[in-house]
Amino acid sequence: MAPASPSDVADDVAPGQVLAGRYEVRRVLGVGGEGVVVEAVDVRHDRRVAVKIRRVSDGGPSNSLLSEARALLSLSPHPGLPTVREDVFADDRYLLVMDWVDGVDLQKVLADGGIRPGRAMVLLGQIASALDHLHAHGIVHGDVKPANILELPGGRAQLVDLGMAAASLTI
């Protein structure tokens, strides 16, 4: 089974749309090589979530999608990583649902004037801890860059966009 291109998925995801009878799309956050990411509201629990959407074809889940879900859902919580809540197959879409992370990506912080070296060291230490946690579970992130590191209110850093991890699973 081959996944459709991310732009194909983005073309039919719109604000107000309800995915899997539960996740109401608020806005499309990005389209990348691994799919489309949207901000949504879990209407069952009235909370914001991030949903990664991939289209699947040929009527069934691929081994790579299920491997990613198994690995990410099995992770114990870590303050430097968003919690993956569930995966859902709905029609011809695969949804990976994660806690919403409210922060500013470091790419934007750097473009808006940079970051003090001492602060950068603190944030990098937190991201190194998150990477160590992933590696302890046999997962390699595969796409660590400023755009995938969020600075949260309160000064914590969180590593996001675990999509490349699926391609790099070692378990």
Does L152 reach the side chain of D102, with side-chain heavy atoms less than 4.5 Å apart?
-> no
Check: D143 main-chain N/O paired with N148 side-chain donor or acceptor under 3.5 Å = yes
Hey, does L75 have a side-chain heavy atom less than 4.5 Å from the side chain of I139?
-> yes
What distance separates R156 CZ from I127 CD1, expressed to the nearest 0.5 Å?
-> 8.5 Å
Looking only at heavy atoms, which two atoms of G80 and A130 are closest? And how far apart?
-> O-CB, 3.6 Å
Separation between NE2 of H137 and CG of D132, rounded to the nearest 0.5 Å | 10.5 Å
Linking I/L/V/M/F/W/Y whenever their side-chain heavy atoms sit closer than 4.5 Å, directly or via other members, would L159 and L73 fall into one cluster?
-> yes
With E39, the salt bridge (Lys or Arg N to Asp or Glu O under 4.0 Å) member among R47, R27, K52 | R27
Joint hydrophobic cluster, V37 plus V101, side-chain heavy atoms closer than 4.5 Å | no
Is it true that a side-chain atom of H141 and a backbone atom of D161 form a donor plus acceptor pair closer than 3.5 Å?
-> yes
Any side-chain donor-acceptor pair under 3.5 Å between H78 and S129?
-> yes
In Å, rounded to the nearest 0.5 Å, how long is the span from CG of D99 to OG1 of T83?
-> 4.5 Å
More than 12 heavy atoms of other residues, nucleotides or ligands under 6.0 Å from CG of D46: is that the case?
-> no
Does D12 pair with R55 as a salt bridge, N-O distance under 4.0 Å?
-> yes
Do R22 and E86 come close enough that some side-chain heavy atom pair is under 4.5 Å?
-> yes
With a 4.5 Å limit on heavy-atom distance, are the side chains of V36 and V28 in contact?
-> yes
May I ask you to decide if Q158's main-chain N or O and Q126's side chain share a donor-acceptor pair within less than 3.5 Å?
-> no
When you measure from the side chain of R119 to the backbone N and O of G155, does any donor-acceptor pair fall under 3.5 Å?
-> yes
Minimum-distance pair of heavy atoms, taken over all atoms of V56 and R93 | CG2-N, 4.3 Å
Report whether L131 and L81 are members of the same hydrophobic cluster (ILVMFWY, side-chain heavy atoms less than 4.5 Å apart, transitive linking).
-> yes
Are I149 and V109 joined in one hydrophobic group, where the rule is that I, L, V, M, F, W and Y side chains link up if heavy atoms are under 4.5 Å apart?
-> yes
Answer yes if L19 and V88 sit in the same cluster of Ile, Leu, Val, Met, Phe, Trp and Tyr residues linked by side chain heavy atoms under 4.5 Å apart, and no otherwise.
-> yes
Please confirm whether the backbone N or O of R44 pairs with a side-chain atom of D42, one donor and one acceptor, at under 3.5 Å?
-> yes
Q107 side chain reached by K145 side chain, heavy atoms, under 4.5 Å | no
